[in-house]
Number of protein chains: 2
Amino acid sequence: MSETFLIVGGDAAGMSAASKAKRDDPDREVVVLERGEWVSYGACGLPYYVKGEISDLEDLVAVTPERFIDERDIDLRMGHEATAIDTDERIVTVESDAETYEQSYDDLLISTGARALEPLIDGLDLEGVFTLHSMDAGREIKSYVENEDLDRVAVIGGGYVGIEMAEAFEAHDLDVALFEMLPQVLPTFGESVGEAVGDELREQGVDLRLSTQVDRLVGDGTVEAVETDDDSVPVDAVLVGAGVVPNAEIADDAGIELGETGAIATDEYGRTNVEDVYAAGDVAEMTHTVTGEPDHVPLALTANRAGRAIGQTVTGTETPVGEIAGTAVVKAFDLAAARTGITDEQRANEAGFDPVSVTIDAPSRAHYYPGGDKLELTMVADRETEQVLGASIVGREGVAKRIDTVATALHEGLTVEDVEYLDLAYAPPFSPTWDPVLTTAKVLNGKLG
Amino acid sequence: MSETFLIVGGDAAGMSAASKAKRDDPDREVVVLERGEWVSYGACGLPYYVKGEISDLEDLVAVTPERFIDERDIDLRMGHEATAIDTDERIVTVESDAETYEQSYDDLLISTGARALEPLIDGLDLEGVFTLHSMDAGREIKSYVENEDLDRVAVIGGGYVGIEMAEAFEAHDLDVALFEMLPQVLPTFGESVGEAVGDELREQGVDLRLSTQVDRLVGDGTVEAVETDDDSVPVDAVLVGAGVVPNAEIADDAGIELGETGAIATDEYGRTNVEDVYAAGDVAEMTHTVTGEPDHVPLALTANRAGRAIGQTVTGTETPVGEIAGTAVVKAFDLAAARTGITDEQRANEAGFDPVSVTIDAPSRAHYYPGGDKLELTMVADRETEQVLGASIVGREGVAKRIDTVATALHEGLTVEDVEYLDLAYAPPFSPTWDPVLTTAKVLNGKLG
């Protein structure tokens with residue numbers, strides 16, 4: 001009898017693993033348990049669905065359940081929730097509407113993802129209060145925005161989701177107030193990006209409230225106000241974007257080791273501490289390429305490629321899941337902000353480096369070519385090894401893919417001078433002769449002396 | 001007395017070297033001989049000046065002669081041409097309008113650039129026939145286009161300059177015929193890019209004549225027709241963009257070694273075979289990072305950074321000039337085409353590799369996000385080492401800086417699988433989850449087995 005590869009959770013990591021395993025070994029029995037009604041969806045597209053740029057929720061689905069089942073011959077079970085794992089017996093307990101049963105496995109992948117973090121404030125259960133971490137939530141928010149008579153919306157949290165949803169709400173002509181506990185938005189992007197994006201949000205009409213702790217949401221059935229230390233802001237709806245929590249309880253209960261981040265600890269092949277049990281995606285830790293330490297950066301690409309690698313490993317070709325650099329980009333109205341690696345000196349110090357950094361402005365095109373704009377770049381290096389540790393870029397064009405140059409450099413541990421001497425593409429419509437990344441390295445190299 | 005650093009040629013390489021040397025050692029005597037009336041200009045901007053997007057030729061100048069002389073204390077001599085070098089006596093013969101004199105040096109940099117290649121056809125001396133490799137030529141062409149009553153223009157050569165000038169002429173509502181000897185435009189970009197750019201040129205109204213050898217230009221004083229084997233095409237002006245030739249004669253005459261490409265042979269510090277004589281920019285060879293062999297790829301960034309490195313070396317901090325990957329990007333109307341490294345199997349074979357390559361289409365943004373477009377990517381690898389050898393990308397957005405990821409990978413000799421597992425930036429407005437570069441590596445890796 002063929003061995004069973006059982007996958008718990010059918011989004012990016014799970015379905016990538018299932019597809020790859022089935023492609024590499026068509027005889028392998030691949031079972032996917034998905035508790036919800038969606039698989040393989042692009043949650044990152046939800047803000048643009050709410051905004052109205054994407055008309056159907058179904059457009060976000062890359063591959064439908066029917067195609068996984070019929071074309072890829074994957075035993076995908078929708079509405080089936082894994083509730084317990086017995087790693088000694090290699091059995092998972094499954095609950096569906098119809099039954100509770102035990103499913104055995106030879107290899108197990110836990111790809112249960114993450115859920116929206118619910119901050120410890122009162123009033124989250126009021127009507128009109130939403131988080132955005134599922135397709136159904138996206139549909140509910142859009143319906144609420146379109147069908148209720150809303151004027152003012154609060155966004156709690158200035159991370160990716162908060163900023164993208166502020167843009168989505170503004171597109172519906174709503175007044176948006178954004179509350180962020182910290183003194184800047186996008187804290188993981190470093191200070192210079194936070195300032196630029198903060199300015200952009202204000203210019204676009206967002207009532208930005210930094211260093212502001214929300215104490216509670218109040219209302220009579222439906223949310224009516226956001227209360228802070230010293231203010232009460234009337235609102236008709238609230239979007240909470242306070243980060244995510246890995247859905248790691250099922251692993252923890254089964255004695256599978258979690259890391260310090262609360263996500264499942266994994267090795268370079270995505271293996272947990274229990275034999276033949278893997279974890280990938282938003283529920284799992286990955287190794288950070290700069291620090292060499294485990295980290296939890298739940299992003300789509302990481303999930304996809306780790307799932308794919310595990311699908312390969314399980315079917316006989318041992319494949320590392322790769323390291324992460326924390327590379328990310330976010331659209332904030334007309335700005336793009338990107339980051340990779342370690343973007344500020346404080347975080348570099350915490351990771352044991354002796355950091356030196358620069359922040360510079362550089363034009364996105366040749367100085368004489370029309371239509372360009374200013375980019376702001378920050379680059380951080382270690383004084384002793386002169387290795388680049390990370391960078392951030394913010395601006396109106398040429399941001400997203402410029403950060404990839406630095407991300408690639410991080411994977412190889414390039415020094416600042418290595419980066420300064422990269423042969424990058426130049427033509428007046430696309431870049432100055434010295435690409436802004438090169439110029440930043442040049443200035444940083446000067447500071448390293 | 002202070003040592004003299006003498007620089008022959010005041011464009012990108014020369015002025016970068018002069019500026020850096022003077023900054024690092026303000027006491028050093030730095031003399032620059034420039035035979036023309038322009039220094040430190042962006043020749044790459046000339047097509048856009050002719051097109052009309054840049055109003056003043058002076059806008060292309062990064063730093064004026066006055067600033068070099070007054071602010072940077074460089075002994076810049078405009079209209080002074082070096083005519084001979086005596087490397088034994090360390091003396092350069094200089095001619096200016098006023099005098100002929102001998103200038104001694106301790107260190108010498110030859111940065112005499114390149115000139116437009118004149119193909120072996122009759123009629124190049126007719127009025128209305130131009131090349132584009134100097135500021136003055138740019139001015140003449142623009143004046144001719146604006147003041148003469150032109151209808152039809154021929155462009156000879158389908159490289160960067162030919163394509164950019166076709167766009168410039170079309171912007172003046174001229175009928176443009178482009179003649180290219182080879183079966184594709186942009187031959188160094190590989191076949192897939194050539195086809196895509198060829199299609200774009202035709203769609204934009206260019207009469208594209210591939211595999212067409214121009215025999216002669218004919219006319220009575222002024223050019224009237226371009227004659228090929230089997231056709232005579234009436235024209236009112238001709239732009240010849242047939243490539244460039246290094247201005248290496250002065251070096252050759254002085255016994256300084258040239259490489260097989262006809263450019264001056266240099267080592268990793270930009271040194272020629274003669275002590276204390278350096279060469280940089282369009283007149284010099286550089287080491288190609290993929291082949292490890294000398295190559296001649298005359299581009300602006302290479303000149304700038306080699307000049308800068310030599311300025312540093314001469315003043316006491318030995319600094320390699322860096323390797324080249326032949327990274328380039330060109331705008332062709334609404335398309336951008338980019339390349340790095342070795343972009344086709346034939347060239348890879350010639351360089352001693354056992355190549356395998358793929359060409360794929362991939363979306364520039366998430367499939368559901370509006371406004372994206374198709375990119376076409378080619379990636380070449382060596383079957384034995386699995387190293388990436390090069391890539392090309394063509395499309396309407398996100399081309400120029402995506403090639404930089406591959407360029408960075410080439411500098412470090414990354415394998416296809418290394419590239420497949422890079423952590424690159426993703427957000428729906430900027431990229432699919434798997435960036436097209438990653439997808440290309442993934443497909444190529446599959447082909448490597």
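Keep in mind the model is a prediction, meaning the values are calculated, not measured. A, B, ... follow the sequence lines: proteins, then strands. Residue 1 opens every chain.
B:Ala300 touches chain A through backbone and side chain together, each having a heavy atom under 4.5 Å away. Interface remark: A:Leu438 contributes side-chain atoms only to the contact with chain B (heavy atom separation under 4.5 Å). With a 4.5 angstrom heavy-atom cutoff, A:Ala309 touches chain B via backbone and side-chain atoms both. For chain B, the nearby part of A:Val61 is the backbone; its heavy atoms alone come within less than 4.5 Å. When heavy atoms are compared at a cutoff of 4.5 Å, A:Val406 does not approach chain B at all. Proximity to chain A (any heavy atom under 4.5 Å) is shown, for B:Ser55, by neither the backbone nor the side chain. Residue A:Ile403 touches chain B through its side chain alone, counting heavy-atom pairs closer than 4.5 Å. Contact annotation for A:Thr319: only side-chain heavy atoms (C-beta onward) come within less than 4.5 Å of a heavy atom of chain B.
Within the 4.5 Å cutoff, no side-chain heavy atoms of B:Val329 are placed close to those of A:Tyr426. Side chains of B:Asp435 and A:Lys401 form a contact here, defined as non-hydrogen atoms less than 4.5 Å apart.
Contacts of B:Glu397 classified as side-chain hydrogen bond (donor to acceptor under 3.5 Å, both in side chains), with partners at least two apart in sequence or in another chain: B:Ser364, B:Arg365. For A:Arg308, the side-chain hydrogen bond (donor to acceptor under 3.5 Å, both in side chains) test picks out B:Glu420, with sequence neighbours left out. Under the side chain to side chain contact (heavy atoms under 4.5 Å, CB included) criterion, A:Ala325 pairs with A:Thr289, A:Thr327, A:Thr340, A:Leu410, A:His411, B:Asp423, sequence neighbours left out.
When the candidates A:Thr317, A:Asp418, A:Thr405 are compared by the number of heavy-atom contacts under 4.5 Å with chain B, A:Thr405 comes out ahead. The most heavy-atom pairs under 4.5 Å with chain A, out of B:Val419, B:Leu414, B:Val321, come from B:Leu414. The candidate with the highest count of non-hydrogen atom pairs below 4.5 Å against chain B, out of A:Gly322, A:Pro428, A:Ala407, is A:Pro428. Note on A:Glu164, A:Arg339, A:Glu417, A:Arg402: by heavy-atom pairs under 4.5 Å with chain B, the leading option is A:Arg402. Chain B forms more heavy-atom pairs under 4.5 Å with one residue of A:Leu299, A:Leu301, A:Asp59 than with any other, namely A:Leu301. Ranked by heavy-atom pairs shorter than 4.5 Å toward chain A, the options B:Arg305, B:Glu412, B:Lys442 are led by B:Arg305.
Looking at every heavy atom in both residues, A:Thr408 comes nearest to B:Ala409 through CG2-N, 4.0 Å. The minimum heavy-atom distance linking B:Ala336 with A:Phe430 is given by the pair CB-CZ, 3.5 Å.
With values rounded to the nearest 0.5 angstrom, B:Leu422 atom CG is found 11.0 Å from A:Glu323 atom CD.
For the pair A:Asp404 (side chain) and B:Ala425 (backbone), a donor-acceptor distance under 3.5 Å is present.
Residues of residues 44-52 of chain B lying under 4.5 angstrom from chain A, judged on non-hydrogen atoms, are B:Cys44, B:Gly45, B:Tyr48 in numerical order.
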